Number of protein chains: 2
Amino acid sequence: MRRLVQRRGYNGFGLTELLADAGAPKGVLYHHFPGGKVALAVEAVQRSAESTVASLRAVLAEKRTVKAALVAWLEGAAERLEKSGFANGCPLATITLETAATEPALREALDAAFSQLRAALAETLTSEGRSRAQAERLSALFISAYEGALLQARAARDTSIVVSTLRALEPLLTPDPA
Amino acid sequence: MRRLVQRRGYNGFGLTELLADAGAPKGVLYHHFPGGKVALAVEAVQRSAESTVASLRAVLAEKRTVKAALVAWLEGAAERLEKSGFANGCPLATITLETAATEPALREALDAAFSQLRAALAETLTSEGRSRAQAERLSALFISAYEGALLQARAARDTSIVVSTLRALEPLLTPDPA
DNA sequence: GATTCTATAGACCGGTCGGTCCAGCGCAAG
DNA sequence: CTTGCGCTGGACCGACCGGTCTATAGAATC
């Protein structure tokens, strides 16, 4: 599921293909997910959000500074993208753009996902001494830059745009300035 | 075409619906676009890129500082998004995430589109006294932030994330600092 | 062992997909 | 007026879409 969405988007694959991959027949899916494809995607979004938040928290805990952590996190994402031949993008971003206007349940799950991501980052930023307002603004910027940079990298089949984005962002990530 | 992609993505609508909207039969489409849906989308991407670059250039020419121009540009995009009920997003971003891995011709057109956008911005940034390298980095960041912020705004059905992103970005947009 | 119920398997549904093809309309050349 | 042809209109194609439904396998209860 995750891989299919990453590569081709929510509307880019069919349930038949998904189930064939998983070796499961349709009856199973509609037994566990009476809501069909949308319900399945909601679950996938929640799982994806959890693992993304977890990986962000992990790198924030591992690195000494927020700046080092965020650089490592975004560079890691770019590296994984490149290693997949620029096929495996962020599933949250893709589903958002495809379905935000047509599937309210999915849109809400995506909103929650991005909120969690921003909140996790903002939390650490405040612990580094920033005001809550500043931490929230910077989190918004960083997550925006993260998604936008990876998006452009996919179009270009080149991660240098991610590196450029990160270099421009670095002055804001050092703890002492405004 | 543009509106359909903005709302539902490349895979979210069918040619039958598109042609019904336009009041044209299929024969016409395949006469003018033998490449089918992909060729049609390539053309749409090029048009969209042109008009986006033009709107960026216009606001850069109109405002006294780059900072004022970029704030106005992104806030304008957020306002249009909100006015459409958060339905009309950036078509370039959506098509990129859906098709970058599967449609090389489309991916190249999208790469060109983002490159033009970054180049137009970088050009003005150098004319404001920045080095070429700095201008390119800041362009990369701004376009990334632009796409990422609008994406999150669609998920949230709320433009405040765009405002936050912009506030965090402002220190980098004033001409004098590093 | 008989009964009950949940979970699985997959055939099947109408609808829509992107794409093809041909009949014929209408204009331009002679 | 006739001919030729570029363009248009839309029926039609096989494939696949998301979703439904029935038969039954298998575990749990008594």
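All values derive from a computational prediction rather than experimental measurement. Convention: sequence-line order gives letters A, B, ...; per-chain numbering from 1.
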Next item on the list: Indicate yes or no: at least one non-hydrogen side-chain atom of A:Gln152 is less than 4.5 angstrom from one of A:Val162.
Entry: no
Margin query: Counting C-beta onward and ignoring hydrogens, is there a side-chain heavy-atom pair between A:Gln6 and A:Arg3 closer than 4.5 Å?
Written below: yes
Next item on the list: Describe, in one word, how the ring planes of A:Phe142 and A:Tyr146 are oriented to each other, choosing from parallel (under 30°), tilted (30 to 60°) and perpendicular (over 60°).
Entry: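 Ring orientation, 0 to 90° scale: tilted.
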Report, one line per pair, each donor and acceptor closer than 3.5 Å where one atom sits in a side chain of residues 60-81 of chain A; sequence neighbours left out.
| unit_1 | atom_1 | unit_2 | atom_2 | d |
| --- | --- | --- | --- | --- |
| A:Thr65 | OG1 | A:Ala68 | N | 3.0 |
| A:Trp73 | NE1 | A:Ser55 | OG | 3.1 |
| A:Glu79 | OE2 | A:Lys83 | NZ | 3.4 |

Next item on the list: Identify the 5'-most and 3'-most nucleotides of DNA chain D with at least one atom closer than 4.0 Å to a non-hydrogen atom of chain A.
Entry: D:dC17 to D:dT20
Note to self: Under a 3.5 Å distance rule, please check whether B:Ser139 uses its side chain to pair with a backbone N or O of B:Ala122 as donor and acceptor.
What the structure shows: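 Between the backbone of B:Ala122 and the side chain of B:Ser139 there is a qualifying donor-acceptor contact (under 3.5 Å).
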Margin query: Quick check against the 3.5 Å criterion: does A:Arg107 have a side-chain atom that pairs as donor or acceptor with the backbone of B:Ala155?
Written below: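 Here the side-chain-to-backbone pair exists.
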Note to self: Assess whether a salt bridge exists between A:Arg167 and A:Glu170, defined as any Lys/Arg side-chain N lying under 4.0 Å from an Asp/Glu carboxylate O.
What the structure shows: yes
Note to self: Can you confirm whether the side chains of A:Arg7 and A:Asn88 place a donor and an acceptor under 3.5 Å from each other?
What the structure shows: yes
Next item on the list: Just jot down the side-chain contact (heavy atoms from CB on, under 4.5 Å) partners of B:Ala20, sequence neighbours excluded, or say none.
Entry: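 Testing B:Ala20 for side-chain contact (heavy atoms from CB on, under 4.5 Å), a comparison that skips the adjacent residues, returns none.
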Notebook entry, point to check: What are the residues of residues 93-110 of chain A, sorted by number, that bring a heavy atom to within less than 4.0 Å of DNA chain D?
Noted result: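 Output list: empty, so none.
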Which atoms of nucleotides 15-18 of chain C (N or O only) lie under 3.5 Å from a protein N or O atom, and what are those distances?
| unit_1 | atom_1 | unit_2 | atom_2 | d |
| --- | --- | --- | --- | --- |
| C:dC17 | OP1 | B:Gly14 | N | 3.4 |
| C:dG18 | OP1 | B:Phe13 | O | 3.1 |
| C:dG18 | OP1 | B:Lys37 | NZ | 2.6 |
| C:dG18 | OP2 | B:Leu15 | N | 2.4 |
| C:dG18 | N7 | B:Lys26 | NZ | 3.2 |

Notebook entry, point to check: Closer to the 5' end of DNA chain C via nearest nucleotide, is it B:Val38 or A:Ala24?
Noted result: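 Of the two residues, A:Ala24 wins.
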Item checked: Residues forming a salt bridge (charged side-chain N to carboxylate O under 4.0 Å, His left out) with A:Arg57, sequence neighbours excluded -> A:Glu123
